[in-house]
Chemist: 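What follows is a structure written as structure tokens; I'll ask about it next.
Quick note on labels: first sequence line is chain A, next is B, and so on, each numbered from 1.
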2 protein chains.
Amino acid sequence: MKTYLDCIPCFFKQCLQVSRATKCSVILQKEILDEVSELIPGFSLNHTPPEMAGAILNIIREKTGQEDPYDDIKEISRNRVRNVLPKVEDMVKQSEAPLLTAVKLTIAANIIDYGANGELDLGSELISLLMVEDSKIKKEREELFNFNSFSNKLMNSHNILYIGDNVGEHFFDRILIEEMKRANPKISVTYATRDRPVLNDITLSDAIDAGIDKHAKAISSGSQLPGTVLNLCNKEFTDIFNSADMIISKGQGNYETLSDVSAPIFFLLMAKCPVIAEHACCDLKDILLIECQDSTLSQ
Amino acid sequence: MKTYLDCIPCFFKQCLQVSRATKCSVILQKEILDEVSELIPGFSLNHTPPEMAGAILNIIREKTGQEDPYDDIKEISRNRVRNVLPKVEDMVKQSEAPLLTAVKLTIAANIIDYGANGELDLGSELISLLMVEDSKIKKEREELFNFNSFSNKLMNSHNILYIGDNVGEHFFDRILIEEMKRANPKISVTYATRDRPVLNDITLSDAIDAGIDKHAKAISSGSQLPGTVLNLCNKEFTDIFNSADMIISKGQGNYETLSDVSAPIFFLLMAKCPVIAEHACCDLKDILLIECQDSTLSQ
């Protein structure tokens with residue numbers, strides 16, 4: 001997905017949010033915004049939004065010396081989700097369609113914005129998410145929530161690549177992977193994370209900490225962006241990407257960077273911004289399970 | 001009021017909105033955003049936000065050759081408000097406190113965003129505004145809605161300067177001026193507009209078209225910005241400003257540019273953005289009637 005002009009104000013908003021998370025001075029925050037301004041004229045709209053976001057994060061790291069400004073926020077996320085995990089696991093197990101429930105939950109979990117809502121009661125929030133989620137699924141438009149195709153593909157795959165997104169949400173990824181393996185015990189899953197801390201995205205240590213490595217081979221994709229730009233990923237990842245029977249891409253950043261790639265990808269995301277909603281032809285906050293249009297070509 | 005860092009993403013958002021209103025190509029819109037980016041490093045936060053907005057509008061005028069991209073939107077605003085004017089006038093006349101009702105209505109009218117809500121039913125919208133407005137007035141905090149001071153000042157003034165804001169809303173200004181003259185027939189009112197089309201702000205021809213000149217002396221302030229920076233206004237306006245017993249400043253742009261000026265100003269506005277709400281120590285969408293803290297000094 002290319003960058004839309006509407007992404008430009010958003011780059012500055014995100015830049016300011018991250019700068020503030022580093023707790024640097026207002027003067028330094030202005031200097032960071034100034035440097036980002038200087039990048040804009042040279043930034044082509046043919047690049048994906050996470051590429052610009054990556055450049056912005058590099059400026060912030062360089063100016064503040066901070067590698068991981070979202071460290072505290074991620075710790076809060078981890079602890080909160082851990083507290084409700086038994087409840088979530090029960091919900092999935094007691095469901096009549098555990099795979100579908102796990103899919104819905106892991107997409108819905110994408111909306112939980114810990115930074116913006118510090119006092120979130122994740123337990124009741126999750127239950128209400130499950131109650132409202134069906135209204136955010138366009139049942140009449142299978143192309144926006146194509147669970148049938150997802151589960152058919154799962155049943156006919158051997159090698160599955162699962163590309164994670166945010167910290168917190170990744171515990172739900174583990175639950176979904178468990179359900180996928182229950183549905184088709186023959187699959188072998190690789191779970192890919194970012195290579196270094198990028199916003200609140202997961203890294204390899206998060207995946208191991210959440211026990212994902214007990215159910216999947218956990219690797220770093222090599223990505224230093226809040227997304228997956230294939231020619232900036234490492235060889236191990238791209239080899240697995242190119243040979244996978246099925247690829248699960250979580251969240252907006254991965255969608256933005258992989259939506260034009262021809263591969264057997266299923267995008268699981270919530271449309272959290274108007275640009276994504278326009279690109280996917282859906283409403284804001286819709287829960288999406290989109291099969292890559294060209295996925296059948298590469299089979 | 002100085003510029004906050006949060007204003008910077010907003011500058012880009014507004015720049016994009018206005019560029020789109022000119023209907024210029026996406027390529028030209030990107031060029032405009034690029035030129036605005038180049039301005040940011042040289043823009044001091046000690047300037048007011050409307051000063052930056054003015055510089056952005058100059059870039060847009062220069063690149064597109066369009067003087068008044070909001071012409072159509074303003075025409076829609078005028079026609080809509082004209083259709084409900086008899087109803088509004090009745091509401092004020094039948095009120096037990098017509099001056100207070102006219103004050104509340106003209107501030108509440110500031111929220112009606114014609115550009116964003118093309119299908120607005122202004123009649124019922126106004127009635128609901130009147131119904132909800134009291135909940136948006138912090139009665140326990142007189143400094144945020146100081147109608148007593150406003151009406152005392154009105155009863156003890158001769159020369160009043162009224163600085164208008166948006167098209168559409170200016171019909172409500174006329175109603176308020178009529179009520180002010182009914183309450184104190186001795187007053188002489190000057191009504192000031194922008195010098196040229198700036199966003200959807202009023203110009204002299206709008207004031208005359210709405211019949212404001214029948215109740216007040218209508219003048220251009222000389223301002224070419226969406227606000228009132230005194231040293232960029234004309235001499236006629238600043239002379240009246242400096243000698244006025246009471247000054248009524250409508251809307252956010254005038255508040256942003258006059259809030260640090262020591263003069264007998266009453267700011268009538270709705271806090272439509274988080275930065276203004278923070279500056280005024282109120283909640284978003286609060287209806288504000290704020291007396292300039294230094295207003296008594298200049299009496």
Chemist: Where on B:V26 is there a heavy atom nearer than 4.5 Å to chain A: the side chain, the backbone, both, or neither?
Modeler: both
Chemist: Among B:I8, B:L33, B:I40, B:V36, which residue has the highest count of heavy-atom pairs closer than 4.5 Å to chain A?
Modeler: B:I40
Chemist: Whether B:K74 and B:D206 form a salt bridge (side-chain N of Lys/Arg under 4.0 Å from carboxylate O of Asp/Glu) is what I want to check.
Modeler: no
Chemist: Under the side-chain contact (heavy atoms from CB on, under 4.5 Å) test against B:C292, which residue among B:D260, B:L258, B:I265 passes?
Modeler: B:I265
Chemist: Is there a donor-acceptor pair under 3.5 Å between the side chain of B:T257 and the backbone N or O of B:V229?
Modeler: no
Chemist: Report which part of B:L5 has an atom under 4.5 Å of a heavy atom belonging to chain A: side chain, backbone, both, or neither.
Modeler: both
Chemist: Within 45° of the six-membered ring axis of A:Y4 and under 6.0 Å from that ring's centre, is NZ or CZ of A:K2 located there?
Modeler: yes
Chemist: Quick check on B:F11 against chain A: is it the side chain, the backbone, both or neither that has a heavy atom closer than 4.5 Å?
Modeler: neither
